[in-house]
Protein chains: 2
Amino acid sequence: MEYYKKDSDILLAIDCIIFGFNGESLEILLIKRDFEPERNKWSLMGGFVQSDEAPEAAAHRILKQLTGLENVYMEQCSVFGEPNREPNDRVVSICYFALIDTQKYKHILSDNYEAKWFPLQKYPKLIFDHDQMIASAQYRLRMKAALYPILFELLPEKFTIPQIAALYEGVYSIELDKRNFSRKLLSSGLIIKLQEKDKENSKKGAYYFKLNTAIYKEKIMSFLRYLPSWSLET
Amino acid sequence: MEYYKKDSDILLAIDCIIFGFNGESLEILLIKRDFEPERNKWSLMGGFVQSDEAPEAAAHRILKQLTGLENVYMEQCSVFGEPNREPNDRVVSICYFALIDTQKYKHILSDNYEAKWFPLQKYPKLIFDHDQMIASAQYRLRMKAALYPILFELLPEKFTIPQIAALYEGVYSIELDKRNFSRKLLSSGLIIKLQEKDKENSKKGAYYFKLNTAIYKEKIMSFLRYLPSWSLET
DNA sequence: AATAATTAGTGTCAAATAAACATTTATTTT
DNA sequence: AAAATAAATGTTTATTTGACACTAATTATT
């Protein structure tokens with residue numbers, strides 16, 4: 001028994017904006033499309049939602065298929081559905097953004113997949129409205145990261161304070177006073193100092209830190225307690 | 001020429017979570033469904049995206065058709081698409097939340113439409129996953145309102161400080177110190193004091209204020225400048 | 001007519017936080 | 001041994017917050 005109507009001529013797709021951080025700048029992962037239309041052009045990771053599949057599941061499946069990446073932080077962002085956003089069919093696409101630690105998955109990516117990292121500042125021309133999708137994802141990332149410490153999802157297990165600073169600077173396109181930044185970060189209790197130092201990136205070497213997962217989870221769950229103070233801005 | 005496949009068995013729908021503020025508490029606008037399945041049960045405003053229609057346009061059309069409301073603040077929030085979220089068809093629904101000033105539209109609503117306001121704290125049982133949709137919209141409203149002064153969209157042209165305070169208390173389920181709240185709000189430059197007083201709600205009467213639209217637009221556009229200070233929480 | 005009750009609006013002050021800036025430390029290069 | 005580099009810690013002042021007390025305007029009560 002059909003209540004509505006038999007079929008839709010709208011196809012439902014997924015596109016993934018995959019953010020990575022190489023220790024210096026923010027990057028996105030793009031792929032060379034291997035199907036028509038626009039074959040061989042650069043695009044976001046995409047695919048269709050199957051009829052028995054939840055959009056979240058589709059997003060994870062597509063990411064896995066195209067890049068081999070699994071268990072990454074992923075979040076729904078906006079839907080793009082202008083009637084003529086694709087030339088030949090009516091496709092409405094749900095966007096997801098993913099945050100991944102590029103170090104961890106370097107080997108996976110290089111081997112089997114035609115995916116490539118590009119700086120967020122300078123990536124090739126993309127098909128359809130994928131530029132807008134990236135812009136919208138970036139906006140969402142900024143908004144979310146202003147309230148929650150999710151940017152740590154982009155960092156490896158061990159990271160240095162200069163790295164986090166560079167990450168925040170990249171995400172918000174700002175320059176931070178590293179001294180004040182560092183003090184604030186340390187006082188949050190969010191990170192735990194290790195004995196080991198990173199000697200790769202500087203002469204003196206910077207101490208590694210790891211995430212205090214207990215405090216991280218607490219902070220990522222509730223922003224409410226903080227609200228009264230700045231719910232109205234300055 | 002078809003590149004993908006002929007048709008999808010996924011139907012694309014819209015549901016609108018409409019928030020209003022009656023001066024005391026937050027409310028949502030619900031409607032008695034007049035079609036199957038689940039006819040005559042309470043639900044969110046919903047409908048289908050037409051094949052030549054952008055989702056945003058569909059959301060506004062549906063809102064207009066079901067309530068007569070036009071030119072309201074509306075924003076995309078999450079997509080619900082579990083395969084079995086509706087019993088008879090595969091329907092994926094894009095949710096929008098709207099913020100409206102209940103005063104302004106009181107007359108429109110009462111006349112022609114079977115829509116009714118319910119307190120966000122206590123509304124009737126809803127169909128499908130509409131409860132989750134409301135919860136998710138509420139979460140998004142809180143998040144957005146923590147960074148931008150969008151809650152003013154819920155207030156009439158003229159409003160009093162006690163009203164705004166009650167609104168923030170409603171949205172975040174908190175109690176505010178009205179004195180500190182008021183000071184902060186005034187120092188933001190966001191509101192302009194009028195000569196007139198609201199004598200309805202208190203003996204002494206509270207001064208009306210109006211929004212400083214210049215500052216409002218500035219604040220609603222960019223939160224970036226504010227970020228460095230609390231990008232890492234307290 | 002005086003007093004109590006209610007809610008609005010202003011004021012005070014100490015503690016916490018943020019912003020701006022200076023110095024010291026560890027290491028490598030010359 | 002000195003210079004260069006980047007990390008880490010320290011200092012000082014201004015601003016913001018949070019907690020609290022008071023005054024002001026009006027209506028209801030006696």
Side-chain angles (χ1 to χ4, degrees), chain A residues 23-25 146-147 155 158-169 172 174-210 219 223-234, chain B residues 23-25 146-147 149 155 158-170 172 174-210 219 223-234:
Chain A
E24 289 194 345
S25 62
L147 294 170
L155 294 169
K158 295 185 305 187
F159 47 81
T160 66
I161 290 185
Q163 274 168 13
I164 315 178
L167 175 52
Y168 272 83
E169 290 183 329
Y172 292 106
I174 48 173
E175 277 249 10
L176 291 169
D177 182 311
K178 311 299 183 300
R179 299 163 292 189
N180 291 334
F181 179 84
S182 164
R183 176 157 31 83
K184 228 185 312 184
L185 180 53
L186 287 166
S187 76
S188 74
L190 208 54
I191 59 173
I192 299 168
K193 192 177 193 168
L194 304 178
Q195 285 318 303
E196 196 184 350
K197 270 189 169 184
D198 161 34
K199 300 277 202 172
E200 303 257 305
N201 299 295
S202 77
K203 292 169 181 174
K204 180 174 175 182
Y207 278 106
Y208 278 119
F209 287 79
K210 66 174 183 180
K219 299 218 175 201
F223 62 96
L224 283 189
R225 326 192 277 107
Y226 306 123
L227 253 169
S229 34
W230 34 274
S231 53
L232 286 165
E233 294 282 22
T234 333
Chain B
E24 289 194 345
S25 62
L147 294 170
L155 293 169
K158 295 184 307 186
F159 47 80
T160 66
I161 290 185
Q163 274 169 12
I164 315 179
L167 174 53
Y168 272 83
E169 290 182 330
Y172 292 105
I174 48 172
E175 280 248 9
L176 292 169
D177 182 311
K178 311 300 182 299
R179 300 163 292 189
N180 291 334
F181 179 84
S182 166
R183 170 160 40 87
K184 228 182 314 183
L185 181 53
L186 288 167
S187 77
S188 74
L190 209 53
I191 60 175
I192 298 168
K193 192 177 194 169
L194 304 177
Q195 285 317 303
E196 196 184 351
K197 270 190 169 183
D198 161 35
K199 298 280 202 172
E200 303 257 305
N201 299 297
S202 79
K203 292 168 182 174
K204 179 175 175 181
Y207 279 106
Y208 279 119
F209 288 79
K210 66 174 183 180
K219 299 217 175 203
F223 62 96
L224 282 189
R225 324 192 280 108
Y226 305 123
L227 254 171
S229 33
W230 33 274
S231 53
L232 285 165
E233 293 283 22
T234 336

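Basis for what follows: all heavy atoms, side chains included, without hydrogens, waters or symmetry-related copies. Throughout, protein chains are lettered first and strands after them, A, B, ... in sequence-line order, and every chain is numbered starting at 1.
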Below 3.5 Å, can you tabulate the donor-acceptor pairs from side chains in residues 201-210 of chain B to any protein atom, sequence neighbours excluded?
unit_1, atom_1, unit_2, atom_2, d
N201(B), ND2, D198(B), OD2, 2.9
S202(B), OG, G205(B), N, 2.9

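For E24(B), the side-chain contact (heavy atoms from CB on, under 4.5 Å) partners are N22(B), not counting sequence neighbours. Considering only residues two or more places apart in sequence or on other chains, K193(B) meets the salt bridge (charged side-chain N to carboxylate O under 4.0 Å, His left out) condition with none of them. Under the rule for a salt bridge (charged side-chain N to carboxylate O under 4.0 Å, His left out), the partners of K158(B) that lie at least two apart in sequence or sit in another chain are E196(B).
The two atoms that bring R183(B) and N180(B) nearest to each other are NH2-OD1, 2.6 Å, heavy atoms only. Considering all non-hydrogen atoms of both residues, L190(B) and P149(B) come closest at CD2-CB, 3.7 Å. I161(B) and S182(B) get closest at one heavy-atom pair: CD1-OG, 3.9 Å.
Summary of the strand contacts: K197(B) and T160(A) both lie near DNA chain D, and taking for each the nucleotide with the nearest heavy atom, the more 5' one is attributed to T160(A).
With distances taken from any side-chain atom of K184(B) to the nucleotides dG18(D), dA8(D), dG9(C), the minimum falls on dG18(D).
A donor-acceptor pair under 3.5 Å links the side-chain atoms of S188(A) to the main chain of L185(A), judged by distance alone.
To the nearest angstrom, P of dA8(C) lies 15 Å from CZ of F159(B). Rounded to a whole Å, the CD atom of Q163(A) is 15 Å from the P atom of dA6(D). Rounded to an integer number of Å, the gap from L185(B) CG to dT10(C) P is 12 Å. Rounded to an integer number of Å, the gap from Y208(A) OH to dA7(D) P is 13 Å. The distance between atom CZ of F181(B) and atom P of dT10(C), rounded to the nearest whole Å, is 15 Å. Per the geometry, CD belonging to E175(A) stands 15 Å off C1' belonging to dA20(C), to the nearest Å. With rounding to whole Å, D177(A) atom CG is found 14 Å from dT23(C) atom C1'. Per the geometry, CD1 belonging to I174(B) stands 14 Å off C1' belonging to dG18(D), to the nearest Å.
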How does protein contact run along nucleotides 9-14 of chain D, one letter per nucleotide 5' to 3', with B for base contact, S for sugar-phosphate only, - for none, heavy atoms under 4.0 Å? BBB---
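Here the straight-line distance linking atom OG1 of T160(B) with atom CG of L155(B) works out to 8.5 Å at 0.5 Å rounding.
Residues from residues 198-206 of chain B placing a heavy atom under 4.0 Å of any atom in DNA chain D, listed by number, are K199(B), K203(B), K204(B).
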